[in-house]
Every structure is written in C-alpha cells, then in structure tokens.
Amino acid sequence: MNTATPLVNPDSAGKTYYTPRKQGAGLTSVPGAQRTMVSLAVKGAADPTRPTASLGESKRGSYSFKFVAKNFGKESQTYKLDATALSDTISGGLFLEESTDYTGKGISVSFDGKNVRKGVLTIPAGKSATVTVSIKTDKRFANAVKQAVNGTYIDGFVRLVSEDAPTLGIPFLGFYGDWSKAPVFDANLASEQEHISGTFLYNTTFGTILGVNPLDPNGINNAFGNPAETIKTDRYVVSAAEAGGEPSQFMTYTGMVRNAESLKYSLESARGGKSVASHTYLRVPKSYYFSNAGFITSAEDNFESMPLFSAYDSKGNALKAGQYRLVQTAKTSGPGATTHSQSFPISVDLTAPALAGATVTGTGADRALTLAIKDDTFLAGLSFHEDATVGSFASTLTTDAKYTKAKGSNVYTISVPVSALTAAWQRVNGADSQLPGQITMFAWDYGVNRTVPLTVNTGQLINP
C-alpha cells in the first residue's frame, strides 16, 4: 500500500485522482514494494498493518493525523512532502461521482515534525521519523459544498516523493459535517419529496400499492406518475382476504439514502406498541441506480427473505381488527452511530362492507340505483355481475366518494345511473341486448373484503 500509485480519473473535469473510496491506495507497484527501504504506519490506526488515515468527522473541517516513517536501510532517505485533498464534485444538488481537487483552493494541508524542514522529510539510516499532517478547510470550500446539506467527504493522498527511491503514500478519509445528521430513510413516495427512491407499501398478494384503490386498474401507474394525488396515506388497509389460496400479504419498498448497520421491521399495535411480527436485517446498503437492470434499488432488494406482513402475527394467529403501525428502525454505523425510524399507520379490516339501504331514485334517463353502504375503513368500489359466479360487466370506483362517520364506521351514499349499467351490459353483450331480470352486486373495501352477493331486481330499475 505504501508504494501504490493513485490513479487519475480521465473522465473527470480536472483530471483528478479517483477518491480512495473507489481505488484504495491505488495501483500496486511490485518493483516499488521490492525496492523501498522506508515503510509508513499511521499512529493510532485500528489496524497498524494498513497504512491509512481515518480522520473521523468535523463540522469545522479541521483534521490531523500522525504517521511514522521507518528507514530500514543503511543510508538516510529524503522525501518531498506533498498532498492532494479531494471532495466529491457537486452540481445542481447532485454528487457527480467524481472528485474535485481543493488543495490550496479551499483545503490546506501542512506538515510538521522534528525531521521536517520546509516541506522535506529526512529519515536517518535505521531510524524513524514522526510527521503530523494537518488538514483545514476555509470559506471557499464551505461555499463550494453548501449544497451538501448533510455533509460530504474530504479524502485524498499524502505523498512522499523521492528522486532516487520509490514514492510512498497514505490515503486519508474524513467527513465534513455531522456524520449522524443525514437521515437513513428517503421520503415517502406520496410526499413527492424523495431524493432517489420514495418509500411505499405494496400488497404482494393482490399486486397493489397500499393507500391506492385496489380496484383501480390504473392504480400502480397513477401511483408512480402522480403519487401525491393517488396514494392516500390514511388508507393503508390490510385484511385476511385471499388470492390464489394465500392470505393477503404486504411489505415495504424502502428508499435508503445512507447505509444502515441494522434495519428492523416491526408490526405493532397502535395502542401500547406491542410487536406482533418483526424482521431484522444487518448491513443494509443505501439505494442506488442499478444500471445493468435499469432500476433504483430498495432496501428489500438486498434480502434473501422478504419482510412480509399480513393480518396474522408471527405465530400464525389472526390479528384482531383495528389500528396498527409498521415501524422501521435503522441504526447507522461509524462514529456517533444513531437510530433513525419511520412508521406507517396500518388498518387491519376483517369486516366486509354492509348494505345499509337501497332505493331507486329519479325517473326516465335519470333513474339510478342509490345505495347506502357502511364499512369499517374505506369503500373501494362496486361491481355488477350477471350472477355471482362470473366476472363483472360493470364497476364503479368510489375512491373519492364522500362519506360520513356513524358509530365508528364510514357511511357512503353511492348512486349508479341505470343508463350506465345498461351501456356497460351492451358493450359486453351487444347493442340490442337488455339487462337480465336480476343482476348481482358486490361492494368492496380497501382491504379487498367484499359483501355477500346482493341481488338487484332490474325490473325495478328499468320500469318507471
């Protein structure tokens, strides 16, 4: 590592080095490693065999470290001390995956020690010399990186350059700002404030996003195209409904803006916070654009087993209907490790909507079937069938339907024009066809619970 050569990024604007976070100490020089009579070690390093300097965090941008140069040879060695101080290039609020050289242009690097004179280090034969490296930022650097509201890295290389011996080096890395300040979780997709990947909840059984009307065929597209209008964060509803014989299950797709040493998912009762099911994962990487597949990763893309939840606890016992919350708790690594959490309100709805009343209103072309329906959570829509065994020929979404509160339930009044039912029937069965004498109706809620089949006498609808 001492004799490795740092590599320049040819695609960077200033032809600067790749950050040590990408290349380590640089490209190995086997001849240099064979020839050198001097080796370097950083004082206080966690691993003395790895000559690297970990500077920690500093809100003021002031760092220092000491290294020891040991001369194993029979002649003294002289080196010119040099350094390159880098930080991520930022433009338009984004890190550009390349570095800017701020040495002398916002970051100063100085050397001090008994064997240092005017930037030159002399190490007597068979002796060691200690050098103190001081790194400081000024207002130029602060202004240049002010878009990095949660801080940024300062890193680079100290170089010991010789005319007749292999050049030596030490990579260093520090953090400018408060390491613990940056959040772990990206914003909720519904807020439209996400940085790279918004978090959302997904029903894996029905293939729908929680908070979106599960009967809406365009729900997923609308959720990603217009999330603030489509995802209703007070309507995260799950139930024991089944599809393909499997109970309804849901999970999160979690956007991460920084790595987490651990990430725990816990479904808890809203009152008392008792956990009924949980999953824990270690060393979870942040979200990034996976160019080979063309998508942005979520935390869950890194797991072998998914953090699935349902209307059952971890022992397979059915949960009671009511209010719960899904809590995600992440712990960061590094100095000053902190805990970050976010939660989502979950309604477990085990009761199907109930028909509170049905009337036929209006006359002629304005004739309509008007229904009063109550539900423990939110009404998703109505479906109309020739009979209970076949698919619907007509449906009505009730996403934005108004409701009133009554004894803990939401009560909806929904009117379906007879003309709309007739037109839907004719689209399926031909322009001259008439509604059958009886049709079957279901009401569905956001948990995909449905009413028992309700028979509608079409004669009452059609005849004045």
Within-4.5 Å side-chain heavy-atom neighbours: [X] and [Y]:
| X | Y | result |
| --- | --- | --- |
| Tyr17 | Gln23 | yes |
| Arg159 | Thr84 | no |
| Phe111 | Val158 | yes |
| Lys274 | Glu268 | no |
| Arg21 | Asp88 | yes |
| Ile196 | Asp186 | yes |
| Pro214 | Phe206 | no |
| Leu397 | Leu215 | yes |

Tell me whether [X] contacts the main-chain N or O of [Y] through its side chain, where contact means a donor paired with an acceptor under 3.5 Å.
| X | Y | result |
| --- | --- | --- |
| Asn2 | Leu40 | yes |
| Thr204 | Gln249 | yes |
| Ser287 | Met256 | yes |
| His385 | Val390 | yes |
| Ser269 | Arg271 | yes |
| Asn213 | Ala380 | yes |
| Glu300 | Thr254 | yes |
| Tyr63 | Phe175 | yes |
| Thr440 | Thr455 | no |
| Trp444 | Pro353 | no |

Where do Lys320 and Val348 land on the side chain to side chain contact (heavy atoms under 4.5 Å, CB included) test, with the steps shown first? CA-CA 7 Å; Lys320 294 181 179 180; Val348 174; over 6 Å; no

Mind listing the closest non-hydrogen atom pair of [X] and [Y] along with its distance?
| X | Y | value |
| --- | --- | --- |
| Ala406 | Val411 | CB-CG2, 3.8 Å |
| Gly255 | Thr199 | N-OG1, 3.0 Å |
| Pro345 | Thr233 | CG-O, 3.7 Å |
| Tyr403 | Arg235 | CE2-NH2, 4.0 Å |
| Pro51 | Val42 | C-CG2, 4.1 Å |
| Leu379 | Ala443 | CD1-CB, 4.2 Å |

Write out all pairs satisfying ring-ring contact (aromatic ring centres under 6.0 Å, His included) with one or both partners inside residues 319-347, taking only residues at least two apart or from two chains.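 Listed once each, the pairs would be none.
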
Which ring-ring contact (aromatic ring centres under 6.0 Å, His included) pairs, counting each pair once, include a residue from residues 216-248, with sequence neighbours left out?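 For residues 216-248, and leaving out neighbouring residues, the ring-ring contact (aromatic ring centres under 6.0 Å, His included) pairs sorted by first residue read Phe200-Phe224.
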
Out of curiosity, [X] [atom1] to [Y] [atom2], how far, rounded to the nearest 0.5 Å?
| X | Y | atom1 | atom2 | result |
| --- | --- | --- | --- | --- |
| Phe384 | Phe442 | CZ | CZ | 11.5 Å |
| Leu454 | Leu382 | CG | CG | 9.5 Å |
| Thr329 | Tyr265 | OG1 | OH | 11.0 Å |
| Ser298 | Phe303 | OG | CZ | 8.0 Å |
| Asp216 | Ser395 | CG | OG | 9.5 Å |
| Lys181 | Glu57 | NZ | CD | 12.0 Å |

For side chain to side chain contact (heavy atoms under 4.5 Å, CB included), just list the numbers for Phe185 and Leu263, CA-CA rounded to whole Å, side-chain angles, deciding distance to a tenth of an Å, and then say yes or no. CA-CA 11 Å; Phe185 300 111; Leu263 176 57; 3.8 Å; yes

Crowding at [atom1], [X] (>12 non-hydrogen neighbours, <6.0 Å):
| X | atom1 | answer |
| --- | --- | --- |
| Arg50 | CZ | no |
| Lys15 | NZ | yes |
| Glu97 | CD | no |
| Glu192 | CD | yes |

Taking salt bridge (Lys or Arg N to Asp or Glu O under 4.0 Å) as the cut-off, I'd like each qualifying pair that reaches into residues 393-413, sequence neighbours left out, listed once.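 Output for this query lists Lys232-Asp400.
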
Under the side-chain hydrogen bond (donor to acceptor under 3.5 Å, both in side chains) criterion, do Thr19 and Asp155 qualify, and how do the steps go? CA-CA 7 Å; Thr19 167; Asp155 52 22; 2.5 Å; yes

Ser99 versus Thr16, side-chain donor and acceptor atoms under 3.5 Å: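 No, no side-chain donor-acceptor pair sits under 3.5 Å.
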
Per the side chain to side chain contact (heavy atoms under 4.5 Å, CB included) rule, which among Leu201, Leu308, Leu210 passes with Met251?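 Of the listed residues Leu201, Leu308, Leu210, the side chain to side chain contact (heavy atoms under 4.5 Å, CB included) partner of Met251 is Leu308.
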
Can you say whether the rings of Phe309 and Phe250 are parallel (under 30°), tilted (30 to 60°) or perpendicular (over 60°)?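 Rings of Phe309 and Phe250: tilted, as their planes differ by 30° to 60°.
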
Check against side-chain hydrogen bond (donor to acceptor under 3.5 Å, both in side chains), Asn449 and Asp445: CA-CA 6 Å; Asn449 300 299; Asp445 63 21; 3.2 Å; yes

N-O pairing of Asp313 and Lys315 below 4.0 Å: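 Looking at Lys315 together with Asp313, the answer is no, because their closest N to O distance does not fall below 4.0 Å.
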
Is there a side-chain hydrogen bond (donor to acceptor under 3.5 Å, both in side chains) between Ser347 and Asp349 once you walk through the steps? CA-CA 6 Å; Ser347 297; Asp349 183 2; over 6 Å; no

The test is side-chain hydrogen bond (donor to acceptor under 3.5 Å, both in side chains); show your working for Asn203 and Ser248 and say whether it passes. CA-CA 7 Å; Asn203 189 313; Ser248 177; 2.9 Å; yes

Run the side chain to side chain contact (heavy atoms under 4.5 Å, CB included) test on Ile154 and Leu86 for me, step by step, so that the C-alpha distance in whole Å, both residues' side-chain angles and the decisive distance to 0.1 Å come before the verdict. CA-CA 6 Å; Ile154 290 177; Leu86 309 170; over 6 Å; no

Evaluate the side chain to side chain contact (heavy atoms under 4.5 Å, CB included) criterion for residues Ile439 and Phe393: first the C-alpha distance (whole Å), next the side-chain angles of each, then the deciding distance (0.1 Å), finally the verdict. CA-CA 10 Å; Ile439 58 177; Phe393 67 86; 4.1 Å; yes

